[in-house]
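Throughout, protein chains are lettered first and strands after them, A, B, ... in sequence-line order, and every chain is numbered starting at 1. Here the structure is a predicted model, which is why all the values come from computation and not from measurement.
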Protein chains: 2
Amino acid sequence: MAAPEASTFLSMIAPMKRPTILDVARACGVAKSTVSVVLNQSPAADRVPEETRARVRQIADGLGYRASWRARVLAAKQTGMIGVLYTPPMPLIARGNYEGILSGINETLAARDFHLVLMPLGDNPDEWRQLLTDQRIDGAIVLSRLLPKLAEALISTGTPTALVNADTDLHLPKVLADEYDGCRQSMEHLFDLGHERIVFLLGQQPPHYSVQQRIAAYRDSMEAKGLKRHIKVLECDATQFASDFKQSSSRPTAVVCYTHYLAIKLLQAAWENGLRVPNDLSVTCFSNAYPVEDVVPPLTTVALATVQMGRSAAELVLEQIDTKGAALKRGVTLKTQLIVRKSTAAPAAM
Amino acid sequence: MAAPEASTFLSMIAPMKRPTILDVARACGVAKSTVSVVLNQSPAADRVPEETRARVRQIADGLGYRASWRARVLAAKQTGMIGVLYTPPMPLIARGNYEGILSGINETLAARDFHLVLMPLGDNPDEWRQLLTDQRIDGAIVLSRLLPKLAEALISTGTPTALVNADTDLHLPKVLADEYDGCRQSMEHLFDLGHERIVFLLGQQPPHYSVQQRIAAYRDSMEAKGLKRHIKVLECDATQFASDFKQSSSRPTAVVCYTHYLAIKLLQAAWENGLRVPNDLSVTCFSNAYPVEDVVPPLTTVALATVQMGRSAAELVLEQIDTKGAALKRGVTLKTQLIVRKSTAAPAAM
DNA sequence: CTGAAAGCGCTTACAG
DNA sequence: CTGAAAGCGCTTACAG
């Protein structure tokens with residue numbers, strides 16, 4: 001036997017069942033439908049006399065009535081939940097840019113009384129369709145990468161969808177950052193400082209929209225500047241880069257890192273190898289998420305409007321829901337902005 | 001008019017309604033209940049001949065039947081959703097230690113086919129109770145701080161609950177880290193290196209379980225070592241600390257930072273002020289979350305078993321659900337572990 | 001302007 | 001072993 005405890009105690013003095021809409025209706029002497037209509041402020045409520053409305057509200061309040069969400073969901077054919085679909089593991093999805101994206105989604109959703117449900121995609125693609133067909137979510141937001149099986153399921157179930165940071169030829173609403181221009185801005189900045197030997201540190205990355213865009217801008221910028229001969233996209237890691245750097249005879253003077261994770265690793269590797277940033281090497285990256293500003297030295301970076309990306313994605317799916325899928329499935333591309341900090345400087349005199 | 005698009009096209013060739021359980025039952029020539037029982041593998045299914053079970057499964061599959069989650073929720077009186085209740089803004093809750101905690105929660109939940117729903121607590125405490133009374137979630141996990149109004153709502157609604165990193169005298173299951181011992185380990189480490197002038201950098205923090213425990217361990221350790229005269233808990237920020245440090249005549253040789261955020265800021269402030277860590281000052285902190293290991297220099301820190309904390313919390317609420325609240329509302333305290341990196345070293349010779 | 005009724009699509013005792 | 005029925009608690013056309 002457990003010791004007496006608060007919850008037991010309270011359940012003893014307040015053991016009454018939750019009141020249902022029927023209880024409220026009876027107490028008010030009106031029909032269930034009237035209670036429903038009044039409490040939900042449906043359009044039909046306009047035709048209920050203010051006096052009745054007030055009474056219903058008051059009695060419902062007095063009884064501590066709250067509509068059962070479970071029942072409402074069945075009757076109203078909506079759950080008010082938007083699934084955020086992602087490929088596990090989760091940590092990566094809550095970090096860096098995704099932190100802002102999730103915040104933005106959540107903010108917009110909350111304002112409309114929708115909720116965000118995290119839905120990790122299991123290993124078996126055949127189950128993905130079921131996530132959508134069981135009518136649990138009213139809409140879906142897909143982060144980062146749209147796998148073909150998922151795309152098929154999304155489209156064939158007619159789920160209101162928005163893609164974030166995932167490109168596709170499919171006609172689905174999507175939110176992207178103008179990564180090309182962001183990278184172009186970085187290059188411009190480096191050129192202005194006088195850099196010519198600029199390399200792109202990619203690391204090990206699966207192909208992705210962001211990869212393409214950033215690399216394309218890097219290449220195009222170098223070419224336009226007549227530096228085609230110096231174009232170099234490296235797939236090694238930061239540690240490797242730093243140790244190669246020391247031995248190299250033709251050192252780059254600046255490096256554009258594909259992610260801030262890479263840049264931060266590079267800062268550490270540089271420190272370990274006695275290289276000074278930005279004196280020996282300028283470093284730029286993408287994403288202004290924590291801790292880009294807080295490392296040593298603070299990183300020059302391309303900020304994506306992550307919170308706005310999240311908001312836009314949420315708006316795009318809510319729009320689909322509101323219009324029952326009739327809304328234009330438009331795409332949104334948000335501006336990026338270079339933020340100059342202390343990891344970039346003019347190259348040391350040769 | 002929008003251009004023809006994939007979803008329109010598909011809805012034209014596959015416009016059939018979702019099959020319901022009744023459709024399946026008819027197609028199989030059995031009762032709805034049989035279908036339900038077989039597909040859910042309820043205990044009652046044992047009494048259905050294997051032959052029938054196979055047929056039901058096959059036909060359901062062929063029809064692409066999937067039970068409506070909306071309907072199931074009403075009938076089964078469970079939603080399979082666990083709310084993670086937190087005080088906005090969200091970013092803080094997805095970062096640092098919470099990243100691991102959320103992962104752990106999600107992992108355990110997913111294994112049991114439960115889902116995590118993020119539930120930001122609005123400004124109006126009176127609405128919190130409604131979050132719980134509308135029967136949307138089967139249980140709640142509260143992060144970091146249990147506000148009194150929420151506690152009251154949780155208890156009076158009998159919601160299966162677990163608290164993470166939030167202390168309270170109330171009889172609710174809770175998961176804590178042994179922060180006292182963690183801090184004690186740090187102190188031991190610093191003493192071993194030869195430090196005596198050790199300060200605790202708290203920064204601006206509202207009172208909290210973690211604050212109490214860490215400071216208590218700091219004080220106790222200093223006293224036990226006969227260093228009571230050097231006890232100092234600072235509430236300034238990292239920048240202030242660094243600039244005060246330079247001017248101080250009796251400089252500390254080591255600082256224990258309340259959070260890794262503070263420690264990282266301090267590393268930067270030290271760099272800006274030309275102080276070397278660990279040469280001029282040893283730094284330790286709490287939390288082994290990103291980017292503690294990746295900064296310069298990598299930080300000595302007390303790692304909390306965050307993923308395990310999340311798992312335990314999820315288990316505690318699932319346990320309450322499984323036993324209909326009869327489970328012991330026990331608390332779990334998880335071990336912490338000091339991880340020594342390069343931000344600590346013996347103090348410079350005086 | 002209001003109420004009776006159908007319906008949302010399941011699950012679960014219960015009867016046979 | 002299987003099915004008919006009640007019930008979960010709402011919302012929403014629809015009739016009056």
Side-chain angles (χ1 to χ4, degrees), chain A residues 16-57 59-60 63-80 113 130 133-136 138 324, chain B residues 16-57 59-60 63-80 113 130 133-136 138 324:
Chain A
M16 56 211 180
K17 292 196 185 65
R18 282 180 83 254
T20 70
I21 196 172
L22 191 56
D23 297 320
V24 179
R26 278 204 275 252
C28 298
V30 301
K32 289 193 301 179
S33 41
T34 305
V35 176
S36 171
V37 153
V38 169
L39 260 27
N40 291 330
Q41 308 195 51
S42 340
D46 295 343
R47 296 172 295 183
V48 177
E50 173 51 33
E51 188 196 16
T52 310
R53 282 188 285 183
R55 192 157 44 89
V56 169
R57 275 196 291 263
I59 293 183
L63 258 42
Y65 171 75
R66 183 101 214 266
S68 158
W69 184 80
R70 295 176 193 156
R72 192 208 289 277
V73 150
L74 216 212
K77 301 176 203 290
Q78 286 214 2
T79 62
D113 269 330
Q130 309 204 328
T133 49
D134 75 359
Q135 314 207 89
R136 181 196 292 251
D138 296 339
K324 314 204 167 174
Chain B
M16 57 212 181
K17 292 198 184 64
R18 284 179 83 252
T20 69
I21 196 172
L22 191 56
D23 297 319
V24 179
R26 278 203 276 251
C28 297
V30 301
K32 288 193 301 179
S33 41
T34 306
V35 176
S36 170
V37 153
V38 168
L39 261 27
N40 292 329
Q41 309 194 51
S42 338
D46 295 343
R47 296 172 295 181
V48 177
E50 173 50 32
E51 189 198 15
T52 310
R53 281 186 285 184
R55 190 156 46 89
V56 169
R57 275 195 291 263
I59 293 183
L63 258 42
Y65 171 73
R66 183 100 214 265
S68 158
W69 183 80
R70 295 178 194 155
R72 193 208 289 278
V73 150
L74 215 211
K77 302 174 202 289
Q78 287 214 1
T79 63
D113 269 329
Q130 308 203 327
T133 49
D134 75 0
Q135 315 209 90
R136 179 195 293 250
D138 295 339
K324 313 203 168 175

**Message:** For the backbone of Leu22(A) and the side chain of Thr20(A), can you confirm whether one donor and one acceptor N or O come within less than 3.5 Å of each other?
**Reply:**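 Side chain of Thr20(A) to backbone of Leu22(A): a pair is present.
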**Asked** Within the distance-only criterion (no hydrogens, no angle test), does the side chain of Arg66(B) pair as donor or acceptor with the backbone N or O of Gln130(A) below 3.5 angstrom?
**Response**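 Flag set: sc Arg66(B) to bb Gln130(A) pair under 3.5 Å.
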Measuring from the side chain of [X] (C-beta onward, heavy atoms only), which nucleotide among [options] has the closest atom?
| X | options | value |
| --- | --- | --- |
| Ser33(A) | dT12(D), dT12(C), dC10(C) | dT12(D) |
| Pro49(B) | dC10(C), dT2(C), dT2(D) | dT2(D) |
| Val30(B) | dG3(D), dT12(C), dA4(C) | dG3(D) |
| Ala71(A) | dT12(D), dC10(C), dC10(D) | dC10(D) |

Report the distance from atom [atom1] of [X] to atom [atom2] of [N], rounded to the nearest whole Å.
| X | N | atom1 | atom2 | result |
| --- | --- | --- | --- | --- |
| Arg136(B) | dG9(D) | CZ | P | 17 Å |
| Ile21(B) | dT11(C) | CD1 | P | 5 Å |
| Lys32(B) | dA4(D) | NZ | C1' | 10 Å |
| Arg72(A) | dC10(C) | CZ | P | 21 Å |
| Leu39(A) | dC10(D) | CG | P | 10 Å |
| Gln135(A) | dC8(C) | CD | P | 12 Å |
| Leu74(A) | dA6(C) | CG | P | 18 Å |
| Asp134(B) | dC8(D) | CG | C1' | 16 Å |

**Asked** With a 4.0 Å cut-off on heavy atoms, is Val73(A) in touch with a base, just the backbone sugar-phosphate, or nothing at all?
**Response** nothing
**Prompt:** With sugar-phosphate meaning primed atoms plus P, OP1 and OP2, does Thr20(A) contact a base, only sugar-phosphate, or nothing at under 4.0 Å between heavy atoms?
**Reply:**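 Contact class for Thr20(A): sugar-phosphate only.
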**Asked** When you look at CD of Glu50(B), are more than 12 heavy atoms from neighbouring residues, nucleotides or ligands closer to it than 6.0 Å?
**Response** yes
**Asked** Is there a side-chain contact (heavy atoms from CB on, under 4.5 Å) between Thr52(B) and Val38(B) once you walk through the steps?
**Response** CA-CA 9 Å; Thr52(B) 310; Val38(B) 168; 5.7 Å; no
Can you tell me if the side-chain N/O atoms of [X] get under 4.0 Å from OP1 or OP2 in [N]?
| X | N | result |
| --- | --- | --- |
| Ser36(A) | dT11(D) | yes |
| Arg70(A) | dC8(D) | no |
| Thr34(B) | dT2(D) | no |

**Item:** Residue whose nearest DNA chain D nucleotide is more 5′ - Lys77(B) or Ala31(B)
**Value:** Ala31(B)
**Prompt:** Under 4.5 Å between any side-chain heavy atoms of Arg72(B) and Asn40(B), yes or no?
**Reply:**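 Heavy-atom side-chain distance check passes, below 4.5 Å.
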**Message:** Any strand counts, and the cut-off is 3.5 Å on both contacts for Watson-Crick or G-U wobble. Which nucleotide pairs with dC14(C)?
**Reply:** dG3(D)
**Message:** Return whichever of Arg47(B) or Arg66(B) has its heavy-atom-nearest nucleotide of DNA chain C closer to the 5' end.
**Reply:**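 Result of the comparison: Arg66(B).
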